[in-house]
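The block underneath contains the structure these notes are about, expressed in structure tokens.
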Amino acid sequence: MLENINSPKDIKSLSIDELEVLCSEIRNYMIDSVSKTGGHLASNLGVVELTVALHKVFNSPNDQIVFDVGHQCYTHKILTGRKDSFSTLRQEDGISGFTRRCESEHDIFSSGHSSTSISSAIGLAKAKALKGDKGKVIAVIGDGALTGGLAYEALNNSGNENSNLIVILNDNDMSISKNVGSVARNLTTIRTSPKYFRFKSKMSRVLAKLPLIGTKLTTFFTVINQKLRKRIYKNTFFEDLGFRYYGPIDGHDLDALIDALNVAKEHNHSVLLHINTVKGKGYEFAEQNPSKFHGIGKFDINTGEPISASKNFSSVFGDSLIHLADNDFRFCAVTAAMASGTGLSEFAEKYPKRFFDVGIAEQHAVTFSAGLARNGLLPVFAVYSTFLQRSYDQLIHDIAMQNLKVIFAIDRAGFVGEDGESHQGLFDTAYLMSVPNLTVFAPTYYDELSSMFYQAAYKEKNAVAIRYPRGSEGEKPEGYQYNKENYNVFGDKKSAKNVIITYSREFCECYKAYEKLIEEHKENVCLIKLNRIKPIDETVIEHLKNAKKIVFAEEGIKNGGVGECFASLLEEKQVKAEFVHIAVDGFVKQASVSSQIKKYHLDCDSIVEEVLK
């Protein structure tokens, strides 16, 4: 069945039985492909029927489908002309693991971060209405994304006037409302029947034509209808916001889904469909452990086990935090729905009362941490670099301005590889450099990470950020040990005319370049490794007095980054050496980390070439 599907038009004439076969084939195809490329598997397996039903009922791209986060769009990609390129998912020059406008006219809104779908859908729907364009706008949002504040801001702003807006709540874990029971389920079945909807519409038109009493009767029945629904469903939240609520609906029952979507399509009000799905549906290992398969690298289909090393910076951070918490009751951990991804699972098991998962709400997480700190605890907020961007205001206003001691464990700093533009951890250095009362450490190796956490906890008075890369540590110079200084110097600083300066993972490439310059090119070169990147220790300038050329290499955004701050310091101290800044300019697409390092001239050979110019 799948071989003949090249666009959404190809499924329009298929029967329910044929669509069920198609769903099974899509699952098998997806599992096989993702096992080789890695990706977000569990969430995608859960929405196969829903996505097929959406493209069966609606006419994309005239009807615009917006996927929240975009990490559950794999079936959508397969149905919209990207089936043959699906094996390139998350690979360099391949298709993205998220929705991307540049990829297809069916990808309405590029995404990667949570809780944005309803806001963008309201804007899309309003623009359609103002321009007189036909077609619906459908926002597909998960219950996890509904924990984000932006989703509630959007719901509050939706209202009755967006008659071309449909919100689909994909509920695969938490309970959004009370158990509605058999009466509510049967009522939902009746209300989402096309025959019932057509009958109801016809009766409304007949009543409207009755002189004198028609309008009063319509109002009376509408009020009675609303009160009955409130009694039966026991949850009026969405209805009170102006939505026509239908649900819960079995998200794996194609008949029920198609009926419900057809009814929503005919409505002249904002509609919310509450869909129940099983995360990881159809693959036993993913159903049993959906968190593990939420975002997974390459894995063995037969065992479900990942094909990668278990030790990484995230796990080292988790172990370090447990060690500190064992000896100090003040330590507590905060996460925004990323306990597993940030290495906090074991901490959560050992210290459940000191572990706080606030949901996908990074802004709240930071201010919540500020409250913990204000009353004497030592909160550690573990967060991916790309997601910390969402709480910049809270970092300034609620932490730094009040001089509160919160430790930020910034995971996935620098290049992250296959997750693409929305997930690269390249911007935190630029915005953190501007925040007063904040110290920033940048470890290169596991032992540095552990030591810097101790420093952050007991040697620093203010808030501290420790940023570290994704994955495993790189090659360490023989005999190197972290000396707990703000920087390390390699080579003869007095006679060297060329100086390389760097920090974090990029040190590994720079050290290889340093050795190559000395051994192969007989260059007298000095290498400086920054361990604390904010504030920059100004004594480092003493090692640059004889330098003719300074090459600053950083795995971060160029504008406002550490290199630019360093250049400003050189100007202030009147250092006259030529300054070359190698960093990232622009958004970075998916590729392996090694390929990204090479593309942006941060690899060993590029550093050597720059020094020798």
Side-chain angles (χ1 to χ4, degrees), residues 1-32 42-63 65 67 72-83 86 106 135-136 138 140 142 166-172 182 184-201 244 246-267 271-284 286-287:
M1 193 69 68
L2 184 57
E3 291 179 5
N4 300 317
I5 306 299
N6 297 301
S7 79
K9 293 179 182 178
D10 295 330
I11 71 170
K12 299 296 184 184
S13 61
L14 298 183
S15 66
I16 295 295
D17 289 342
E18 289 171 323
L19 290 175
E20 287 177 348
V21 172
L22 176 63
C23 289
S24 178
E25 291 183 6
I26 288 172
R27 275 198 174 86
N28 291 334
Y29 183 57
M30 195 186 298
I31 293 167
D32 180 65
S43 52
N44 280 285
L45 291 174
V47 297
V48 174
E49 286 85 2
L50 173 58
T51 309
V52 168
L54 280 167
H55 282 293
K56 170 76 171 175
V57 173
F58 295 98
N59 296 309
S60 177
N62 184 47
D63 293 312
I65 305 170
F67 290 93
Q72 77 285 50
C73 66
Y74 294 1
T75 301
H76 167 76
K77 287 181 183 263
I78 290 169
L79 295 176
T80 54
R82 287 165 280 183
K83 175 189 64 184
F86 195 70
H106 298 282
K136 294 285 186 176
I138 306 100
V140 182
I166 299 170
V167 175
I168 296 177
L169 172 57
N170 173 31
D171 184 358
N172 56 29
S182 59
R185 284 196 295 272
N186 290 332
L187 178 61
T188 294
T189 302
I190 294 170
R191 292 176 71 217
T192 54
S193 164
K195 289 182 180 178
Y196 167 77
F197 186 78
R198 286 193 291 270
F199 170 77
K200 182 182 174 185
S201 298
R244 291 292 185 268
Y246 294 97
I249 299 159
D250 184 350
H252 303 295
D253 184 336
L254 280 166
D255 258 329
L257 283 170
I258 290 171
D259 280 350
L261 292 171
N262 274 317
V263 167
K265 187 177 182 179
E266 296 300 320
H267 250 297
V271 177
L272 187 136
L273 297 182
H274 183 176
I275 311 295
N276 285 137
T277 60
V278 176
K279 201 169 184 180
K281 177 75 173 177
Y283 184 51
E284 183 182 1
E287 284 191 40

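Values reported hereafter were calculated over all heavy atoms of this structure, with side chains retained and with hydrogens, waters and symmetry mates removed.
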- Query: How about L254 and E20: do any of their side-chain heavy atoms sit closer than 4.5 Å?
  - Reply: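 Of all side-chain heavy-atom pairs linking E20 with L254, at least one is under 4.5 Å.
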- Min side-chain heavy-atom separation T51-Y74 under 4.5 Å: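 No, too far: nothing below the 4.5 Å cut-off.
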- Name all residues meeting the ring pair (Phe, Tyr, Trp, His ring centres under 6.0 Å) criterion together with H55; count only those two or more places apart in sequence or in a different chain, and write none if there are none.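 Expected list: H76.
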Contact summary for [X] and [Y], nearest pair of heavy atoms:
X    : Y    : result
A264 : V271 : CB-CG1, 3.9 Å
H252 : V278 : NE2-N, 2.9 Å
G135 : D63  : CA-OD1, 3.2 Å
T80  : P8   : CG2-CG, 3.8 Å
G280 : A286 : CA-CB, 3.7 Å
V47  : Q72  : CG2-O, 3.5 Å

[X] (side chain) donor-acceptor with [Y] (main chain) under 3.5 angstrom:
X    : Y    : value
N44  : C73  : yes
K279 : E287 : no
E25  : M1   : yes
H106 : K77  : no
Y29  : K83  : yes
D32  : N28  : no

Nearest 0.5 angstrom please: [X] [atom1] to [Y] [atom2], how far?
X    : Y    : atom1 : atom2 : result
D250 : L257 : CG    : CG    : 7.0 Å
E18  : I11  : CD    : CD1   : 11.5 Å
F67  : I168 : CZ    : CD1   : 8.5 Å
L2   : S24  : CG    : OG    : 10.5 Å
I26  : I78  : CD1   : CD1   : 6.0 Å
I16  : D255 : CD1   : CG    : 4.5 Å

- Test T75 against every option in L45, V52, L22 by the side-chain contact (heavy atoms from CB on, under 4.5 Å) rule and name the one that passes.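 Going through the options one by one, the only one that passes is V52.
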- Item | Sole candidate of L261, L169, V263 that passes side-chain contact (heavy atoms from CB on, under 4.5 Å) when paired with L273 |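 Among the candidates, only L261 passes.
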- Item | For R27, all residues meeting salt bridge (Lys or Arg N to Asp or Glu O under 4.0 Å), sequence neighbours excluded |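 Partners of R27 by the salt bridge (Lys or Arg N to Asp or Glu O under 4.0 Å) criterion, ordered by chain and then number, come out as E49.
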- Query: Do you see a donor-acceptor pair shorter than 3.5 Å between the side chains of N172 and K281?
  - Reply: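 No donor-acceptor contact under 3.5 Å links the two side chains.
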- Message: side chain to side chain contact (heavy atoms under 4.5 Å, CB included) for H267 and Y246? Distances and angles first, verdict last.
- Response: CA-CA 12 Å; H267 250 297; Y246 294 97; 2.5 Å; yes
- Task: Kindly indicate, with the supporting measurements, whether the criterion side chain to side chain contact (heavy atoms under 4.5 Å, CB included) is fulfilled by I5 and L79.
- Result: CA-CA 7 Å; I5 306 299; L79 295 176; 3.8 Å; yes
- Working for side chain to side chain contact (heavy atoms under 4.5 Å, CB included), residues V21 and L14: CA-CA 10 Å; V21 172; L14 298 183; over 6 Å; no
- Please walk me through it: do K9 and N59 pass side chain to side chain donor-acceptor pair (under 3.5 Å)? CA-CA 8 Å; K9 293 179 182 178; N59 296 309; over 6 Å; no
- Verdict with reasoning, H274 to I249, per side chain to side chain contact (heavy atoms under 4.5 Å, CB included): CA-CA 6 Å; H274 183 176; I249 299 159; over 6 Å; no
